[in-house]
Amino acid sequence: MPASARQRCHTVLAGLVTLATAAVVSLAAPAPASAADTWTETGSDRADPLTESQGLASVEVPANSPNRYTGIGTIPLSVSVRGWNHVGDPDASYNGYYIEPYQQDSGNSKMYRVQAPDGTWSEYVHTLSSGEALNNSWDAISPDGQWMLSGEWGTMNRLLVFPTPGVNASTSPSADLPLASRVNLDHPVRDVQGCDFSGPTTLLCSSDDPDGSLFGMTKPLLQIDLSATPGSSDVTGHVTALRQLPLRSSCSGSFEVEGIDYDRRTGILRVIVMSPGFCILTDSKTYKFTRG
């Protein structure tokens with residue numbers, strides 16, 4: 001999220017610390033109706049504004065691992081004092097590598113913090129390429145584990161592809177994490193806060209788009225079908241808007257859609273939506289969906 005949006009969220013959270021449509025809209029060259037999934041809301045859990053306000057990930061290794069969440073309250077002090085003051089939507093590989101995306105308010109780099117299956121942490125820094133935005137909203141690891149997608153805030157026609165830090169043998173904490181390729185989208189997306197793979201070439205993404213002009217709805221759940229598995233060469237992505245994400249609260253105002261997670265073991269999709277104003281403290285939710 002941009003600095004202005006973070007400041008709004010941080011102001012509310014600082015106060016907390018002080019106090020202790022269903023229709024499918026297909027864009028560009030429409031894919032067959034069967035290519036777009038339908039996701040039905042099945043329930044929700046309260047999202048804590050300090051520790052569950054940015055992103056979430058299901059972790060398969062070690063077995064019986066709890067779901068992971070990120071928020072301003074999950075950033076280690078040793079990380080924030082070095083300027084990495086925003087954490088985005090994380091992901092985990094099927095073999096147990098957990099990766100959190102970090103950004104800072106200025107500079108020319110972004111960082112990915114990796115926890116290996118044995119519990120050890122390492123950091124991988126990427127120096128921005130020409131024209132690349134500073135923000136680091138999310139990461140999504142390909143099912144084969146070798147490639148990691150990441151996105152930029154604003155209206156974008158691409159997603160970024162990196163070798164997965166800690167998993168791909170070409171990466172090292174002592175070397176710059178290189179940009180490997182891009183996913184070139186056939187329709188622009190705006191303010192994507194998270195993506196996760198639901199299949200080898202299918203992404204589900206949560207968009208905080210407040211405008212609605214791109215898809216005929218605000219805050220959409222998106223599906224992106226890739227022309228091939230991501231790797232060292234560019235691929236294309238077909239964008240479909242599936243539905244508007246739930247926007248329900250006791251308060252009126254601007255909601256903020258955050259991270260997304262798809263758990264292949266259960267088939268459950270989860271998306272965080274933070275409520276407006278004071279209600280960010282009381283009725284923000286992680287919504288659950290199932291296909292069909």
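For reference, positions follow the sequence shown, starting with 1.
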Salt-bridge contact Lys288-Asp45 (side-chain N to carboxylate O under 4.0 Å):
yes

Is it true that a side-chain atom of Ser150 and a backbone atom of Trp138 form a donor plus acceptor pair closer than 3.5 Å?
yes

Is a donor from one side chain sitting under 3.5 angstrom from an acceptor on the other, for Asn67 and Ser58?
no

Distance-only side-chain donor-acceptor flag, His238 / Asp186, under 3.5 Å:
yes

Quick check against the 3.5 Å criterion: does Gln115 have a side-chain atom that pairs as donor or acceptor with the backbone of Trp121?
no

Does this structure show an ion pair linking Asp261 with Arg270, if we count only N-O contacts that are shorter than 4.0 Å?
yes

Considering only NZ, NE, NH1 and NH2 on the basic side and carboxylate oxygens on the acidic side, decide whether Asp211 and Arg190 come within less than 4.0 Å.
yes

Quick check against the 3.5 Å criterion: does Asp208 have a side-chain atom that pairs as donor or acceptor with the backbone of Val257?
yes

Do Asn184 and Asn157 meet the criterion of a side-chain donor-acceptor pair at a distance under 3.5 Å?
no

Check: Asn168 main-chain N/O paired with Thr171 side-chain donor or acceptor under 3.5 Å
yes

Tell me whether Asp196 contacts the main-chain N or O of Tyr262 through its side chain, where contact means a donor paired with an acceptor under 3.5 Å.
yes

Spell out, as yes or no, whether a donor-acceptor pair under 3.5 Å connects the side chain of Ser284 to the backbone of Ala47.
no

Closest non-hydrogen atom pair, Pro210 against Asp191:
CD-OD2, 3.6 Å

When rounded to the nearest 0.5 angstrom, what distance separates CD in Glu258 from CD in Gln193?
4.5 Å

Are the ring centres of His86 and Tyr102 closer than 6.0 Å?
no

When you check the gap from the basic side-chain N to the acidic O, do Glu256 and Lys219 get nearer than 4.0 Å?
no

Spell out, as yes or no, whether a donor-acceptor pair under 3.5 Å connects the side chain of Gln244 to the backbone of Thr218.
yes

How far apart are the closest heavy atoms of His187 and Val239, and which atoms are they?
O-CG2, 3.6 Å

Could you check whether Arg243 makes a cation-pi contact with Trp39, meaning its NZ or CZ is under 6.0 Å from the centre of the six-membered ring and within 45° of the ring axis?
no

For a quick test of reading the model, state the closest non-hydrogen atom pair linking Tyr97 to Gly166 and the distance between them.
CE2-O, 3.4 Å

I'd like to know if the side chain of Asn136 reaches the main chain of Pro101, judged simply by a donor and an acceptor atom lying under 3.5 Å from each other, with no hydrogens or angles considered.
no

Correct closest heavy-atom pair for Val125 and Ser109 would be CG1-CB, 3.7 Å

For Ser142 and Asp144, which I'm curious about, is there any donor-acceptor pair between the side chains at under 3.5 Å?
yes

Tyr112/Phe162 under ring pair (Phe, Tyr, Trp, His ring centres under 6.0 Å): CA gap, chis, key distance, verdict
CA-CA 11 Å; Tyr112 298 89; Phe162 302 91; 5.8 Å; yes

Would a distance-only check, ignoring hydrogens and angles, find a side-chain to backbone donor-acceptor pair under 3.5 Å from Ser137 to Gly151?
no

With side chain to side chain donor-acceptor pair (under 3.5 Å) as the test, would you mind laying out the steps for Asn85 and Ser80 before giving the verdict?
CA-CA 5 Å; Asn85 58 3; Ser80 62; over 6 Å; no

Give me the one residue out of Leu177, Val167, Asp91, Val114 that meets side-chain contact (heavy atoms from CB on, under 4.5 Å) with Met148.
Leu177

Less than 4.0 Å between a side-chain N and a carboxylate O, is that true for Glu41 and Arg248?
yes

Which atom pair, heavy atoms only, marks the closest approach of Pro230 to Pro200?
CD-O, 4.3 Å

What are the two closest non-hydrogen atoms of Met274 and Glu52, and how far apart are they?
SD-O, 4.4 Å

Please name all residues satisfying side-chain hydrogen bond (donor to acceptor under 3.5 Å, both in side chains) with Ser174, sequence neighbours left out, ordered by chain then number.
Ser172

Could you go step by step and tell me if Ser93 and Tyr98 meet the side chain to side chain donor-acceptor pair (under 3.5 Å) rule?
CA-CA 7 Å; Ser93 66; Tyr98 169 75; over 6 Å; no

Does this structure show an ion pair linking Asp48 with Arg46, if we count only N-O contacts that are shorter than 4.0 Å?
yes

Would you check if the side chain of Asp89 reaches a backbone N or O of Ile260 as a donor-acceptor pair within less than 3.5 Å?
yes

